[in-house]
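What's counted below: heavy atoms across the whole structure, side chains too, no hydrogens, waters or symmetry copies.
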Amino acid sequence: MELISQVLVLEPTSQVLGKEPIVPFAILLVVILVIPIMFERLRLPGLVGLVFSGLVLGPSGWNLFESDSPMINLLSEIGLIYLLFVAGLEANLEKFRRQKSRAFGFASLTFSVPLVIGTLLGMVLGYGWNISILVGSLFASYTLLAYPIISRLGVVNNEAVTVTIGATLFTDIGAVLILAVCVAVAHAGAFSFAKLLTLLGWLTLYSVVVVTGFDWAGKEFFKRSGDDEGNKFLFVLLSVFLAAVGAQLMGVEKIVGAFLVGLAVNEAVGEGPVKEKVVFIGSVLFIPIFFVDLGLLINLPAFVNNLDTLKLTLLMIVGLIATKLIAAFLTKLVYRYKWQEMLTIWSLSLPQVGTTLAGTLVGYRAGLLPLEVLHSIIVLMLVTSTLGPLMTSRIAVGLNSSPAEDPAPPVPDQNAPERDSAFTIVVPVYNPHTQQYLIEMAALLARQSQAKIIPLAIATAAAHMDAPQLEASLQRSEWLLSKATAQSRALGVVAEPVLRIDDAFAQGISRAAREQKANLIVIGWGKRTGLRARLFGNVIDGVLWASHCPVAVTRLVESPKKIQRILVPVENLTAPILQPVQFAQMLAEANQSHITMLNVCDRRTSSSKIAWRRSHLSLLVSKLALANPPEIQIIAHENVAQAILQAARLYDLVVLPFIHNRTSPGGLAISDVTTQLARQLTCSIIMLGEPQRTQVNVITSHAIPSITSTV
């Protein structure tokens, strides 16, 4: 009532919001939820919408928020730390190791050329050496905003692209360390060579302690934590803020600690559910608030009415684009890349988001960078984050993979689990309404590969083995298993039911499948709703992360015995696309069905490139030596998901590869085509995805796709 009375007496809005912090927080949540979606539909990056929202809501707009609000400052500070932490955590160490010499060569060029030109630009504009070097370092790094685009186009394994991805590790480290030195020198007062050496010594010591110490601690803690994702999640968060506090105690900027600890725990966290949830927290809350706070700092009248600021902005945009082009051209000369590869490198290295914005804000708050530089860098971010991905989508079309990255002959895995001669399919049963179709699907595959079915029921463990709830769970599980066994035998397939008592469904399914030496898990589709499912994952997320074998998640709207037309959309023109095709072929042979492989290319793709795509797909399929190879269709369309949805109207089943949502190093979530299709397709769906540990670009004689979803 007090808030309503204040509004009724027309008390200034900013004062009301200041007294009621829950109100601005609610507004921030609405902005974070709605604005990025609106801008992405306009083909603009969501982060552009967040900065624009801050401008509208701040002092230059409706004045709902104050730029010095304690709550927003705290959340923005956490977002800043999270931004650099995610940049370190998302660093692709595998691609760096694969092309480390060339990645270092390109990183040296794309870092040094912008650094030198940016420093000279600062000196020409009248800034001191320290500020000029900091301005130059802001040009030196880049953010891989276009990663989803090159992934969708299937050119991630091109050598030039791999080199560009690997080089981000060097450029980010260099930019963060220069920022730390510049800020520390500014705080130290009078400059001297002795102070600089002392600072570099402390910085080196701190970096070594963080990287080695947290790497060791992370691996040891994860080893001892077992399957407790909650404790792992808290350990990673604690590591971030401990490193940030340690950096402040050492006189180093806290974002340096956040970035270094991201690198330190990179391998310990791995590509697993813990990393997914840690990044999720930052990408949906703290990092978006950081971008909104950037918008609050913009003084629109001062920017528009100041001719010098406009000139500075133009110089920075032109200088950044030119220096990145020069670096890409020099890389082309050194490593003899093609013109298309050079332009792809250039477009990938243009966006200035994560490290650049973090360094700018830290420099501004430290009193090093004036307001006009802050304005110019924000505009630079908006321009490059829009221009870079747009250029990549046009330039990288038809870019070929490097010969060195073509699939190698299968190599026996010494660590792979031993297989029985009989093919084994595990079918977890939980929902009696969907169980019939699941068993039918498993039976079709089993008859085709002379396999046996293992219906699996999980009874949730209790503290005492004689607990009433455990007894009820066991009785229900036994009833489900007897029903599944009868269905399997009626379909003419051998069934060996298994009842397991376990603490959780996901771990129980994964462990039982390993004990039974399963070749495939066929599981029902579940919903990804609720805070717990979104934050900590659902059952099948856990199964896929932990399983030793492929998992097939099904959403069947009719009996699988009626499936006659199967559509297999393929995004990437690489060997892993054969896994969904191989799975669909097993089902097609059982039902005498027809398979169509569908690839969607950009409308601007030339007829010669379309012909190349068709021949390349035919060559990949020929490696399977199928008796009835699938039909290959290529459609030119501006929207991949819409093209597949239109084509799917004529089919009974769509087989999709499971592709995890990837977040850019800027921390904003990017949705993939598979997720969109799964929401909108009305026909039967099977999603396939390999276990994370064994995802390789090799097709073995027993390869079967795997998937992710929920019971």
Side-chain angles (χ1 to χ4, degrees), residues 39-49 106 110 142-165 167-168 317-318 320-329 331-332 337-353 380-402 569-574 598-614 616-617 634-644 659 662 664-666 668 670-673 676:
F39 272 70
E40 285 168 5
R41 288 184 177 179
L42 297 174
R43 304 293 179 88
L44 293 172
L47 59 89
V48 175
F106 170 65
T110 198
Y142 57 92
T143 302
L144 291 169
L145 284 186
Y147 186 93
I149 296 174
I150 58 177
S151 177
R152 176 172 58 82
L153 294 175
V155 297
V156 173
N157 288 331
N158 180 276
E159 183 186 289
V161 174
T162 302
V163 165
T164 309
I165 296 172
T168 57
I317 293 175
V318 173
L320 185 280
I321 293 175
T323 54
K324 292 297 184 182
L325 180 60
I326 292 171
F329 179 71
T331 304
K332 174 189 181 301
Y337 290 139
K338 300 175 182 178
W339 281 103
Q340 187 181 16
E341 292 174 325
M342 185 213 80
L343 293 175
T344 301
I345 292 174
W346 177 44
S347 65
L348 287 173
S349 60
L350 275 182
Q352 305 291 304
V353 182
L380 176 69
M381 180 273 293
L382 298 177
V383 172
T384 56
S385 64
T386 304
L387 180 63
L390 180 63
M391 292 175 57
T392 301
S393 65
R394 295 174 180 270
I395 295 171
V397 175
L399 195 67
N400 296 334
S401 294
S402 302
V570 294
E571 287 190 68
N572 301 339
L573 306 185
T574 53
L598 175 66
N599 178 248
V600 182
C601 61
D602 192 89
R603 281 194 182 276
R604 297 176 295 274
T605 307
S606 64
S607 57
S608 60
K609 288 184 177 179
I610 291 178
W612 175 84
R613 279 172 172 258
R614 190 181 302 278
H616 187 71
L617 286 173
I634 298 181
I635 299 177
H637 200 282
E638 70 277 358
N639 188 303
V640 176
Q642 289 301 319
I644 297 174
I659 304 174
R662 178 184 175 89
S664 74
L668 296 177
I670 300 172
S671 62
D672 54 68
V673 173
Q676 185 176 353

Rounded distance [0.5 Å steps], CG in L320 versus CE in M381: 12.5 Å
Between the side chain of N599 and the main-chain N/O of I634, is any donor-acceptor distance below 3.5 Å? no
What distance separates L380 CG from L387 CG, expressed to the nearest 0.5 Å? 10.5 Å
Any side-chain heavy atom of K332 within less than 4.5 Å of one from E341? no
Show your reasoning for whether side chain to side chain contact (heavy atoms under 4.5 Å, CB included) applies to L598 and V570. CA-CA 6 Å; L598 175 66; V570 294; over 6 Å; no
Among all residues two or more places apart in sequence or in another chain, which pass the side-chain hydrogen bond (donor to acceptor under 3.5 Å, both in side chains) test with T331? none
Just by modelled atom types, is the A396 backbone N or O under 3.5 Å from a matching donor or acceptor in the Q340 side chain? no
Which atoms form the tightest heavy-atom contact between A146 and P389, and what is the distance? CB-CA, 4.1 Å
Residue of the set I345, T392, I321 for which side-chain contact (heavy atoms from CB on, under 4.5 Å) holds with L350: I321
To the nearest 0.5 Å, atom OG1 of T344 lies from atom CZ of R394 at 14.0 Å
If we only count heavy atoms from C-beta on, is the T384 to Y142 side-chain gap below 4.5 Å? no
On a heavy-atom basis, which atom in T164 and which in A160 lie closest, and how many Å separate them? OG1-O, 2.8 Å
Can you measure from CZ (F329) to CH2 (W339) and round to the nearest 0.5 angstrom? 5.0 Å
Separation between CG of L348 and CE of M391, rounded to the nearest 0.5 Å: 10.0 Å
For the backbone of T110 and the side chain of K324, can you confirm whether one donor and one acceptor N or O come within less than 3.5 Å of each other? yes
On a heavy-atom basis, the closest approach of L382 and T386 is O-OG1, 2.9 Å
In this structure, CD1 of I150 is separated from OG of S347 (nearest 0.5 Å) by 8.5 Å
A side-chain contact here means heavy atoms from C-beta on lying under 4.5 Å apart; do I610 and C601 qualify? yes
